[in-house]
Every structure is written in structure tokens, then in C-alpha cells.
Amino acid sequence: MHVRRLTLPFVAAALVLGPFPGAAAAYTTVHTGSGRPALAFANNRLYAAWTGSTSGTSGKQLIVGWSVDGGHTFTKDNSVVERVPEGEGPALDADGVFGYAFGVYLAWSAANNANTLSVAYTIGNGLKCRTAFAGVRTLRSPAMARDGLGRRWIAWTGPDGRLNLGRLDSTGCGGNGVPNGIALLDRVTLADTSAAGPALVQDDSGAGNGLILGWTGAGNAINLATFTPGSATLTNRSGVPQPGEVSTGGGFSLTSHPSDLYIWFRAPDGTVHRGYSQGCRPTCFYTFPWELPAASGVGAATDGFHDTIGYFDPRGKLNVATY
């Protein structure tokens, strides 16, 4: 498999990657940052959010932008003035399904507000319905996903490292961003702890796993399980059984589309690894290296057919690649 890799200004190079079929276009952008970037598709745009390089009185700048050329270039929303912990990142989730989505929901740890878990809605022109959940704090990257009933869930780790999940209700938001905010309902605190921000995805592969929660356990081991709303007990526990396949730095991401569930993470060799699971319950993954050097966690989104990933290379440059 060959990957066409471009650096701004354009410099072509070829990389031979693992045994996956198909072609990819990878871009090194002009943007810098740290942690795990977030991606989502909505309204013919690829939205991205990440931890920038500009420091403030607390944390780093939260960057929100969008691309109409697959991640080659991004237009930043310069009205966003939020801060996030260095080395961490935000979460994004489209307000609909693929081509029917109009905007995105954004979640982050507000470093300029006692690391309070915060959410908002945006179409790229400012944050609407910005809501800070009083007393709910996280030092890590959160994650969001919609379940099979269309309900949006958010996962985060508390200051004690324990995993938490809750349902986001945006019905009070209104189409024009009225200030009633977004509600956090049905919160569940789990016994499990994570060393990095969690991952969350609705398994659409046909395996019947439901809403899958991923987290980083002891020794950076990759853990996955089914989260059933209303229950504090995870089921269908599994991981990546291949020896040495652990997630290092910033956590990992999950995507799902017909027939397969995918995982993206930074492995101990410092490169992006990709794994796929075909109809397994509990989930099983077969992983392969992609020879893409990454400095931290890998963010991912799907358009229903292909996955697009985002990561920071060792120079701190934001890279975007589609598979």
C-alpha cells in the first residue's frame, strides 16, 4: 500500500505501509499543537478541534476549525478563546449522521475554569449554548458518541481517574443558541480507572456490541467494553490481545462503519497503529503499523466509508490522513 504524503508547501513522498488495501492521502498542515486532536464530519466539512501552541494564564488555546479539502487546509474560528490542559484535547460529535449533520458538538476540559467539563455547539462561527457542568471536573480528553437510539453520550475521567459517562440533552438549546444550556443526565461513575482520556463509539459493524467504551488501563493496556445506559457494570470486556500492542500518550480512538470496528493509537514504537475487528463479540482486533510518526494520541472520524485520522508528529505539526 502506498500513501501520498504532502507537506505545506507541497513536497511529494512515498511511504509503504501495512497490508491494508486501498490508497490514502496524508497531509502535514501548518498548525501546531499537542495531545489528541478531535475530528468529525458535518455539512460537507471535516471539523477539527485541538490543543494549540499558544499559552495563556492557564493551559493552551483550544482551536476549532474546518476543512473542505479533506484536511489539507483548515479555516480556524478565531472567536474561540477557551483553554485546555497541555497534552490533552477536546472531543467532537456531529449533530446528525454523516451527510445529514449540520454542525458539531464540542466538549473539553476548561483549564481556565478549574478544568470543569464543558460543552458547546458550533457551525464554525462561535460557540453556542456553552455549558460548564458545575462540580464536574476532568484533567483528560473527553469523548462523545451517539448510541443506536440517537442519544448523545459523553465519557470522561474524573480527577481520581475513574471513568464517568452521562447523556447530553441539548433540547433546551434551541435553534438560535438560547442560553438554557445543555443538560448532563443519567450520569454513571464506573469502578474502572484510565490513565488517559477515554474513547467512545456506537458499534455499527453488526457485532451487536452497542455503545463501546475504550480506556487505557495499567501498563497502557487497551481496554474495551460495552456500556449499557443506566448500568455501572461494563459487559463484553476485551482488548487488543497481540503482545506489545498498547496505547502510549494521549489515548486512542474508535470508529465504526458497516462490517468493521476500527481502532487508532500511538504504539510504543512511536508510530500510528490501526486495528480492525470483524464481527467479534467480545471485540477482537488485528493491528498493523502505519509508519506514521506520532507524538501523542490519535483522533479519528468516519464519513461512513472511510476513516480520517488526526495526530501530531514529533515536530508538533498537525497531520491529517484519510484511509
Side-chain angles (χ1 to χ4, degrees), residues 35-36 38 87-89 91 107 109 117 138-145 147 153-166 187-205 207-256 260-269 271-289 294 296-300 307 309 311:
R36 180 179 63 187
E88 297 298 327
S109 167
L117 181 66
T138 180
L139 301 174
R140 303 295 186 185
S141 308
M144 288 188 291
D147 65 16
W153 294 85
I154 184 170
W156 72 96
T157 57
D160 58 358
R162 293 178 66 182
L163 292 163
N164 289 256
L165 292 101
R187 178 179 174 180
V188 174
T189 300
L190 306 178
D192 297 276
T193 61
S194 181
L200 195 64
V201 72
Q202 172 67 23
D203 185 1
D204 296 322
S205 69
N209 286 304
L211 197 64
I212 295 181
L213 173 68
W215 70 98
T216 304
N220 291 318
I222 296 171
N223 292 275
L224 303 118
T226 295
F227 168 70
T228 301
S231 174
T233 301
L234 300 173
T235 59
N236 300 327
R237 289 175 176 264
S238 60
V240 177
Q242 293 167 258
E245 292 290 48
V246 297
S247 176
T248 59
F252 57 89
S253 294
L254 299 167
T255 58
S256 179
D260 288 308
L261 180 71
Y262 298 92
I263 187 170
W264 299 90
F265 60 98
R266 178 187 185 272
D269 64 5
T271 66
V272 174
H273 282 218
R274 182 196 197 199
Y276 71 95
S277 175
Q278 293 183 318
C280 298
R281 186 170 186 178
T283 300
C284 61
F285 281 100
Y286 305 92
T287 62
F288 298 88
S296 56
V298 182
D307 284 349
I309 65 170
Y311 62 96

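- Taking all atoms of both residues into account, the shortest heavy-atom contact from Pro198 to Ser141 is CD-O, 3.2 Å.
- Between Val188 and Ser231, every side-chain heavy-atom pair lies at or beyond the 4.5 Å cut-off.
- Every residue meeting the side-chain contact (heavy atoms from CB on, under 4.5 Å) condition with Ser238, not counting sequence neighbours, appears here in chain and number order: Leu224, Pro282, Thr283.
- Using modelled atom types and a 3.5 Å distance limit, the side chains of Arg187 and Asn164 yield a donor-acceptor pair.
- Residues Asp160 and Thr193 come closest through the heavy atom pair O-CG2, 4.3 Å.
- Annotation for Ser194 and Thr157: closest pair CB-CG2, 3.8 Å, computed over non-hydrogen atoms.
- Using modelled atom types, one side-chain atom of Ser109 and one backbone atom of Thr138 make a donor-acceptor pair closer than 3.5 Å.
- Nearest heavy-atom pair, Ala300 versus Thr255, reported as atom, atom and distance to 0.1 Å: CB-CG2, 3.6 Å.
- Residue His273 is tested with Trp264, Tyr286, Phe265, Phe288 for a ring-ring contact (aromatic ring centres under 6.0 Å, His included); the sole match is Phe265.
- Side-chain contact between Asn223 and Asp192: absent, with no pair of heavy atoms (C-beta onward) separated by less than 4.5 Å.
- Listed for the Asn220 side chain is no donor-acceptor partner under 3.5 Å among the backbone atoms of Ala195.
- Taking all atoms of both residues into account, the shortest heavy-atom contact from Ala155 to Leu213 is CB-CD1, 3.9 Å.
- Rounding to the nearest 0.5 Å places CD of Gln202 at 12.0 Å from CG of Leu254.
- Contact check for Trp153 versus Pro229: side-chain heavy atoms found under the 4.5 Å cut-off.
- Residues Pro142 and Gly89 come closest through the heavy atom pair CD-O, 3.5 Å.
- In this structure, CG in Asn209 is found 9.0 Å from OG in Ser256, a value given to the nearest 0.5 Å.
- In this structure the side chain of Leu234 reaches within 4.5 angstrom of the side chain of Phe227, judged on heavy atoms.
- Note: Thr226 OG1 to Asp203 CG = 7.5 Å, rounded to the nearest 0.5 Å.
- One distance of note links CG of Asp307 with CZ of Arg274; it measures 5.5 Å at 0.5 Å rounding.
- Looking at heavy atoms from C-beta onward, Leu190 lies out of side-chain contact with Trp215 at the 4.5 angstrom threshold.
- With Thr248 contributing its side chain and Arg266 its backbone, the two residues share a donor-acceptor pair below 3.5 Å.
- Checked by atom type and distance alone, the side chain of Arg36 pairs as donor or acceptor with a backbone atom of Phe252 at under 3.5 Å.
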